[in-house]
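Structure record follows, encoded as structure tokens.
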Amino acid sequence: MTQLKNDVFLRALLRQPVPYTPVWLMRQAGRYLPEYRETRAKAGSFLGLAKNPELACEVTVQPIERYPLDAAILFSDILMIPDAMGLGLSFVAGEGPQFSHPVNHEEAVAKLAVPDMQEMQYVFDAVKLIRHELNGRVPLIGFAGSPWTVACYMVEGGSSKEYATIKTMMYSRPDLLHRILQITAKTTCEYLNAQIHAGVQAVMIFDSWGGALADTYYQKFSLAYMKQIVDGLDRHYQGQTIPVIVFTKGGGLWLEDIAQSGCDAIGVDWTVNLSQARQRVQDAVALQGNIDPMCLFADEQAIRAEARRVIDDFGVVGKGGHVFNLGHGISQHTDPEKVAALIDEVHEYSRAMHK
């Protein structure tokens, strides 16, 4: 593998000295870019794109070609794991993901098993292609969904606003839900390790729906299984340290608990004050975030001011510990020029603030 030319992102995650605050954006390879939409049309469908290593490589690298970002993130989807489990994933226009075989009764739960990683070989092939195409320009991030978040789709059979089916299972048959989460956690650990072996240089666990849980239930049904994954990862592979980011959207009240998971960094959404977050976790882990994605619909002056505010909130630049990002994924309706202004301001302002 080619030597990294820019390792600022990795150093920030490991709380090592950096010359500026690194930046990447959740969903940076996506529908807001016209070049992505062209490639997506060529693929014919979202799954066609995600399961084609060459095209997945193409869209992963597109934002790196356009912007001076400090990391690339693998183009894939958190639902590739239940798809490999044989739950019949499809994407319906205007409705999002759907499973033809949801795991919402005892018989279905009993049948659930860890799939062969060969079922997701297209992901690992994509990682190898992307590493080659990046040629050391920036690190590559691999990822997976948290067991709880993935289970929400598996049990509900698709997207949900109230999580009624899975929460009913959680309260009335916790044994069934724990079995789903145990199998999903084991699969996720194997899946992320396979990504690491293929070449990713950091991994992120997306707990998009952890914030829907009540206190104590978050710790038992989401965080406990993310900790299992973190504990099982090959964090030191072929002489390289692989940093781990854990991100629970809506998880600001549990920062202290998340910091105890063994992760290197916590992703935080826009409801969190970075200065207070640092005090709460006592700089034991790095922080990633946390500008509101909707800020990118403002004018350039407002975007630049908001970028400066986030950097100021975190504090002194130079000692590491902060990766600038959105508080969640970028909107498909975002103007690419606004993204350019944000990235420019993060780099320029943080260099000026370096101490």
Side-chain angles (χ1 to χ4, degrees), residues 50 74 76-90 96-124 142-160 163-196 200 203-213 217-234 244-249 251 258 261-263:
L74 166 70
S76 188
D77 194 272
I78 65 169
L79 300 182
M80 294 314 182
I81 282 179
D83 181 54
M85 290 174 168
L87 302 193
L89 175 64
S90 63
Q98 291 187 357
F99 287 105
S100 56
H101 308 295
V103 187
N104 54 17
H105 57 276
E106 192 157 359
E107 186 181 358
V109 174
K111 288 181 180 176
L112 203 63
V114 175
D116 189 320
M117 287 299 114
Q118 288 291 324
E119 295 289 330
M120 293 177 283
Q121 186 60 43
Y122 57 87
V123 175
F124 316 133
F143 74 92
S146 73
W148 162 259
T149 292
V150 172
C152 284
Y153 292 95
M154 293 166 64
V155 175
E156 298 287 340
S159 301
S160 175
Y163 312 99
T165 308
I166 192 168
K167 284 192 170 185
T168 299
M169 181 184 288
M170 179 178 74
Y171 289 119
S172 61
R173 289 295 306 273
D175 57 315
L176 294 184
L177 183 53
H178 277 304
R179 175 171 164 76
I180 294 170
L181 294 169
Q182 286 162 4
I183 292 169
T184 305
K186 187 174 189 307
T187 304
T188 304
C189 192
E190 290 187 18
Y191 178 56
L192 286 176
N193 277 333
Q195 289 186 33
I196 291 168
V200 302
V203 297
M204 182 162 170
I205 302 172
F206 284 88
D207 187 31
S208 301
W209 310 132
L213 285 164
Y217 287 88
Y218 169 75
Q219 288 87 342
K220 284 194 293 186
F221 289 92
S222 183
L223 186 58
Y225 290 99
M226 290 194 286
K227 186 179 188 307
Q228 279 186 25
I229 295 165
V230 173
D231 288 346
L233 292 177
D234 290 341
V244 180
I245 309 161
V246 169
F247 172 59
T248 295
K249 185 173 183 289
I258 298 170
S261 69
C263 65

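Start at 1 with the first residue, then count along the sequence. What's counted below: heavy atoms across the whole structure, side chains too, no hydrogens, waters or symmetry copies.
By the 4.5 Å heavy-atom criterion applied to side chains, Leu89 and Pro97 are counted as neighbours. Looking at heavy atoms from C-beta onward, Ser222 lies out of side-chain contact with Tyr217 at the 4.5 angstrom threshold. Between Val203 and Ile245 the shortest side-chain heavy-atom distance does not fall below 4.5 Å. Annotation: side chain of Met154 is in contact with side chain of Leu112 (closest heavy-atom distance under 4.5 Å). Within the 4.5 Å cutoff, the side chain of Val150 has heavy atoms near those of the Pro82 side chain.
Leu79 CG to Gln98 CD: the interatomic distance, rounded to the nearest 0.5 Å, is 12.0 Å. Here the CD-CG distance, from Glu106 to Leu176, works out to 5.0 Å after rounding to the nearest 0.5 Å. Summarising the geometry, atom CG belonging to Asp77 is positioned 10.5 Å from atom CZ belonging to Phe206; distances are rounded to the nearest 0.5 Å. Gln228 CD to Gln182 CD: the interatomic distance, rounded to the nearest 0.5 Å, is 7.0 Å. With rounding to the nearest 0.5 Å, the separation of CZ in Arg179 from OG1 in Thr184 is 10.0 Å. Atom-to-atom distance recorded for Met170:CE and Thr165:OG1 is 12.5 Å, nearest 0.5 angstrom.
Remark: the backbone N or O of Thr168 is paired with a side-chain donor or acceptor of Ser172 at under 3.5 angstrom. Of the possible polar contacts, none joining the Arg173 side chain to the His105 backbone as a donor-acceptor pair under 3.5 Å is found. Side chain of Thr149 to main chain of Gly145: no donor-acceptor pair is present (N/O by atom type, distance under 3.5 Å, no hydrogens or angles). With Lys167 contributing its side chain and Ala212 its backbone, the two residues share a donor-acceptor pair below 3.5 Å. No donor-acceptor pair under 3.5 Å is formed between the side chain of Ser261 and the backbone N or O of Lys227. A side-chain donor-acceptor contact under 3.5 Å links Gln195 to the backbone of Phe143. Distance alone, capped at 3.5 Å, is enough to place a donor-acceptor pair between the Glu156 side chain and the Ile166 backbone. Checking side-chain atoms of Asp207 against main-chain N and O of Phe247 turns up no donor-acceptor pair under 3.5 Å.
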- Message: For Val230 and Ile205: C-alpha separation, side-chain torsions, deciding distance, then whether side chain to side chain contact (heavy atoms under 4.5 Å, CB included) applies.
- Response: CA-CA 9 Å; Val230 173; Ile205 302 172; 4.1 Å; yes
- Message: Using the rule given for side chain to side chain contact (heavy atoms under 4.5 Å, CB included), can you reason through Lys220 versus Leu213, listing the C-alpha separation, both sets of side-chain angles and the distance that settles it, and then say yes or no?
- Response: CA-CA 10 Å; Lys220 284 194 293 186; Leu213 285 164; over 6 Å; no
- Message: As a quick check of understanding, evaluate side chain to side chain contact (heavy atoms under 4.5 Å, CB included) for Met204 and Val244, giving each step before the final call.
- Response: CA-CA 6 Å; Met204 182 162 170; Val244 180; over 6 Å; no
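Below 30°, between 30° and 60°, or above 60°: for Tyr163 and Trp148 the angle between ring planes is between 30° and 60°, a tilted geometry.
Ring pair Phe99/Tyr153: centre-to-centre distance not below 6.0 Å.
In Lys186, the NZ atom is not crowded: 12 or fewer heavy atoms of neighbouring residues, nucleotides or ligands sit closer than 6.0 Å.
Residues Met226 and Tyr218 approach most closely at CE-OH, 3.6 Å, considering heavy atoms. Among all heavy-atom pairs drawn from Leu192 and Leu233, the shortest one is CB-CD2, 3.6 Å. Heavy atoms only, all atoms of each residue included: Pro102 and Gly157 are closest at CB-CA, 3.8 Å. For Thr248 against Gly211, the heavy-atom pair with the smallest separation is CG2-N, 3.9 Å.
Counting only N and O atoms by type, the side chains of Thr188 and Tyr225 include no donor and acceptor under 3.5 Å apart.
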